[in-house]
Amino acid sequence: MPARTLTRMAHDGHTELHDPETDPLATYVLEPEDVRSLLTRVVAQPGAATHTSHAPFTGGPIAAVPLSTPDDVARAARTARAAQRLWAATPLRTRTAVLSRLHDLVLERQSDVLDLIQLESGKARVSAFEEVCDIAMVARHYAVRAGRYLRPRHVPGLIPGLTTTRVLRHPVGVVGIVAPWNFPLTLTLGDVLPALVAGNAVLLRPDPQTALTALWAAELLEEAGLPDGVLQVVVGDGPTVGAAVVEHVDHVSFTGSTATGRVVAARAGERLVPTTLELGGKNPMYVAEDVDVEVVAEGAVRACFVGTGQVCVSIERLYVREEVFDAFADAFARRTRALRIGAGLDHRADVGSLASAAQLATVVEHVEDAIGHGATVLTGAVHRTDLGPYFYEPTILVDVPPEARLHREETFGPVVALYPVASDDEAVAAMNDSDLGLNASIWTADTRRGAALARRVRAGTVNVNEGYVATWGSLGAPQGGVGASGHGHRHGREGLWETTRVQTVAVQHGVHAGLGLHRLFDLGTETWPQVYGAALRAMKAARLP
Ligand code: NAD
């Protein structure tokens with residue numbers, strides 16, 4: 001794609017470069033020649049039905065993307081399976097070199113993909129940039145560390161000196177990735193890269209709303225050196241095309257809601273195919289009494305409202321010590337009110353739009369329901385139709401009673417509830433009062449106290465003095481939820497191992513020189529248990545593992 005492809009559809013039908021300052025409600029469109037090569041990457045029949053996604057900034061159409069059928073998914077899986085054999089046989093350094101080149105390319109071409117991400121998801125450019133950084137970090141991490149993570153592991157054998165045992169990791173084959181719309185690049189390419197470096201082929205089904213970003217990623221991977229066929233992209237709705245992916249792959253990586261995760265896991269379970277399920281969160285933050293409230297308020301604004309709150313690890317419940325509750329609430333509300341909301345393919349806005357009418361409906365419903373149950377609005381709760389169809393002001397609520405839906409249910413929007421707490425114990429109990437356990441955040445000037453509290457919180461990741469970036473960005477560490485937030489991980493060795501199968505190979509030495517296990521049994525049924533019992537005691541005395 002050329003460096004600047006986004007244009008504005010003028011009212012007379014022709015296109016021209018968009019100037020967000022003079023025309024904030026312009027309809028963003030892509031020139032057909034700019035997206036043609038992307039659209040040919042969808043595995044679909046010629047003349048297939050299309051899905052037209054709409055730009056959340058304006059509600060205007062973006063592009064008509066061909067739709068795959070379940071037969072196309074089966075065909076794509078066969079192509080991927082054939083390509084995978086050769087790909088797995090290429091030296092690891094060839095595979096890591098693809099990631100290394102991709103790292104450079106994604107940074108070089110960032111302005112293209114930032115435009116696409118914003119166009120398809122409606123998020124602010126600063127939030128889109130998070131995705132570019134994330135991909136560069138994931139690519140670098142696995143380019144450098146995959147060799148170490150995939151290296152065969154020696155373990156103590158049955159008989160010291162005579163049994164050599166190694167644990168090997170093989171690619172599972174074809175990995176299916178079913179991705180949502182909220183992180184068009186991170187939740188597609190970010191999961192594709194480790195699966196590829198492990199030697200798998202990938203069958204990717206991005207959400208139809210954000211398919212162009214995923215297709216752009218596929219084009220970039222090809223430029224980085226990925227051979228033909230190893231990555232297949234299919235497009236279509238979840239129950240048809242997403243479900244068809246689950247039918248044909250050897251591992252399913254699903255990111256989305258808990259409800260859909262259960263459906264995907266049930267079908268994968270019937271096929272006895274393993275899953276990585278990255279599901280919802282109702283993530284809590286605790287603010288202790290020893291903090292500088294201005295510092296925490298800045299962190300809370302980012303933790304709650306980045307990506308317009310449509311971030312699986314973002315904060316929706318905030319527990320604040322009574323001693324600093326009022327001061328913190330004032331600082332947090334003041335900083336939230338100062339956020340710049342708006343459309344525009346530049347860095348002028350801090351917060352963008354919600355992604356769709358469905359997201360807006362949930363947000364409005366949750367806020368109105370909370371107000372109906374007696375909640376008070378500190379700031380926000382305004383649908384900004386003046387900015388675009390789905391803009392909603394970042395919203396802080398207090399006095400939210402347990403009966404309100406947003407007290408327990410994930411809103412997945414820019415809405416946070418503040419609750420006062422009297423002690424660390426009360427805060428930990430409140431944080432753990434949820435079936436979900438994805439991410440949590442603790443703010444205190446005493447980092448030892450923070451780390452000790454973190455261990456008591458039931459969540460896959462806990463950030464002390466940060467919202468979610470510290471754990472997410474620690475690429476060597478696993479990222480994933482517990483309970484209704486799913487199972488399995490991305491990032492780190494655990495993330496790479498998700499798409500590998502383990503094989504144990506034990507080699508027995510000296511068998512043909514008369515040192516086989518039969519020598520033990522030759523001692524006779526009375527004697528060998530005594531000899532072996534003595535050997536077991538000796539091994540324990542020598543602290544052999
Ligand atoms: P969703 O579950 O409704 O949809 C997720 C994706 O699954 C969509 O692309 C959809 O088309 C597809 N899908 C629907 N039915 C399917 C089926 N039967 N088989 C296969 N795929 C199917 O979720 P959503 O509302 O679109 O996404 C937001 C949710 O995702 C939130 O709950 C959020 O917390 C979660 N999420 C989690 C993470 C994480 O890493 N834990 C990251 C991002 C989003």
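A quick note: this is a predicted structure, and the numbers were derived from the prediction, not measured. In what follows, residues are counted from 1 in the order of the sequence shown. Atoms within a ligand are numbered from 1 in the order they appear, just like the ligands themselves.
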Determine yes or no for a side-chain-to-main-chain donor-acceptor pair under 3.5 angstrom, with Gln479 supplying the side chain and Thr461 the backbone.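 No; zero donor-acceptor contacts below 3.5 Å.
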Cationic tip of Lys123 above Phe183 ring, under 6.0 Å, 45° of axis: yes
Residues in contact with ligand 1, criterion: heavy atom under 4.0 Å: Val178, Ala179, Pro180, Trp181, Asn182, Leu187, Arg205, Asp207, Gly238, Pro239, Gly242, Ala243, Phe254, Thr255, Gly256, Ser257, Thr260, Val263, Val264, Glu278, Leu279, Gly280, Gly281, Cys312, Glu410, Phe412, Leu438, Arg490
State, with a plain yes or no, whether a side-chain heavy atom of Pro414 is found less than 4.5 Å away from one of Val363. yes
Whether Asp433 and Arg408 form a salt bridge (side-chain N of Lys/Arg under 4.0 Å from carboxylate O of Asp/Glu) is what I want to check. yes
I'd like to know if Arg335 pairs up with Glu298 as an ion pair, taking the criterion as any Lys NZ or Arg NE/NH1/NH2 lying under 4.0 Å from an Asp or Glu carboxylate oxygen.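 No, Arg335 and Glu298 are not salt-bridged.
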Would you list the pairs meeting salt bridge (Lys or Arg N to Asp or Glu O under 4.0 Å) in which at least one residue belongs to residues 486-502, sequence neighbours left out?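 Matches after skipping sequence neighbours: Asp191-Arg490.
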